[in-house]
Amino acid sequence: MRIDIITVLPELLKSPFDASILKRAIEKKLVEVHLHNLRDFTVGNYKQVDDYQFGGGAGMVLMVEPIDKCISALKAERDYDEIIYMTPDGVTLNQQSANELSIKQNIMILCGHYKGVDQRIRDLHITREISIGDYVLSGGELAAAVLSDAIIRLLPGVLNDETSALTDTFQDGMLAPPVYTRPSNYKGMEVPKVLLSGNFKAIEQWRETMALERTKEKRPDLLE
Ligand code: 6GU
């Protein structure tokens with residue numbers, strides 16, 4: 001898979017891809033992530049990427065021309081399965097949409113900023129608009145990092161047995177069961193005995209029961 005991210009703040013997006021699982025996925029060439037600085041596509045001397053909105057009102061809008069130039073240059077290089085705009089008025093990201101995107105070949109992600117982007121970019125190029133929840137962030141960069149992480153960890157070979165995505169919360173529409181590690185007794189708090197029993201059938205059963213109980217308690221909406 002290849003992910004191209006268009007942003008006015010590439011420095012904000014470097015570190016998420018430079019540690020842990022995402023770093024390893026890139027090193028193993030399971031994914032390529034390319035950051036594109038919108039300022040490299042400006043016209044004129046001031047490297048201007050945003051401007052006041054027509055009709056008045058507070059907040060700057062990312063201009064159509066630099067974004068169109070950047071997206072068009074990338075499109076000329078390869079076909080994109082999705083061109084995603086990160087925006088709080090998009091469709092809320094969930095595990096199912098992350099699963100869907102993880103089987104694509106080339107994905108482009110546009111990060112909004114300030115009051116967003118000129119509507120003509122959305123009309124012209126965008127195939128999907130994604131939000132990461134009902135709250136407002138200063139820009140789409142952190143949301144793009146969240147989306148990329150959710151996708152990349154699903155790519156074959158990225159996770160090993162220990163970190164397998166199959167047992168994740170949400171992957172089967174349920175929350176994951178509680179987990180414990182050593183010591184088995186901490187300040188009198190005991191680990192559930194079944195987990196120490198070596199009886200894998202009983203452990204599996206316990207985990208299923210606990211997952212269901214936890215989902216009923218914390219996220220009954222998932223069971224409807
Ligand atoms: Cl994708 N962008 C911004 N700016 N705020 C958000 C968001 C995205 N998702 C939730 N809040």
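The structure presented is a predicted model; accordingly, all values stated were derived computationally and were not measured. As the structure lists them, so they are numbered: ligands from 1, and atoms in each ligand from 1.
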Considering non-hydrogen atoms of the protein only, which is the closest contact for atom 1 (Cl) of ligand 1, and what is the distance?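 It is Thr87 N, 3.1 Å.
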
For atom 11 (N) of ligand 1, the protein heavy atom that lies nearest, with its residue and separation: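 Ranked first by proximity to atom 11 (N) of ligand 1 is Tyr135 O, 2.5 Å.
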
Any N or O on Ser138 sitting closer than 3.5 Å to an N or O of ligand 1?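 Min N/O separation from ligand 1 is not below 3.5 Å for Ser138.
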
Would Met86 count as a polar contact of ligand 1, with the cut-off being nitrogen or oxygen pairs under 3.5 Å?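 It does not: no N or O of Met86 is found under 3.5 Å from an N or O of ligand 1.
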
Is it the case that [X] and [Y] place a side-chain donor and acceptor less than 3.5 Å from each other?
X: Asn94; Y: Ser97; result: yes
X: Thr127; Y: Glu82; result: yes
X: His113; Y: Asp50; result: no
X: Thr7; Y: Glu141; result: yes

Proximity to ligand 1 by part of Ile130, non-hydrogen separation under 4.0 Å: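 The answer is the backbone of Ile130.
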
Where the closest heavy atom to atom 10 (C) of ligand 1 is concerned, which of Gly116, Pro88, Gly133 has it?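 Ranked by closest heavy atom to atom 10 (C) of ligand 1, first place is Gly133.
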
Given Leu137, Leu142, Asp89, which one has a non-hydrogen atom that is nearest to atom 5 (N) of ligand 1?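 Looking at heavy atoms only, Leu137 sits closest to atom 5 (N) of ligand 1.
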
Apply the side chain to side chain contact (heavy atoms under 4.5 Å, CB included) test between Ser148 and each candidate in Val33, Leu13, Ile109; give the one that qualifies.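 Considering Val33, Leu13, Ile109, a side chain to side chain contact (heavy atoms under 4.5 Å, CB included) with Ser148 is found only for Ile109.
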
So among Arg78, Gln105, Met108, which one has a side chain to side chain contact (heavy atoms under 4.5 Å, CB included) with Arg2?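 Answer after filtering Arg78, Gln105, Met108: Arg78.
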
Just which atoms of ligand 1 are under 4.0 Å from any heavy atom in Ala143?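 Result: 1 (Cl), 8 (C).
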
Atom indices of ligand 1, in the order listed, that fall short of 4.0 Å to a heavy atom of Ile132: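 Result: 9 (N), 10 (C).
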
Any donor-acceptor pair under 3.5 Å from Gln53 side chain to Ala58 backbone: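 A pair under 3.5 Å: yes.
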
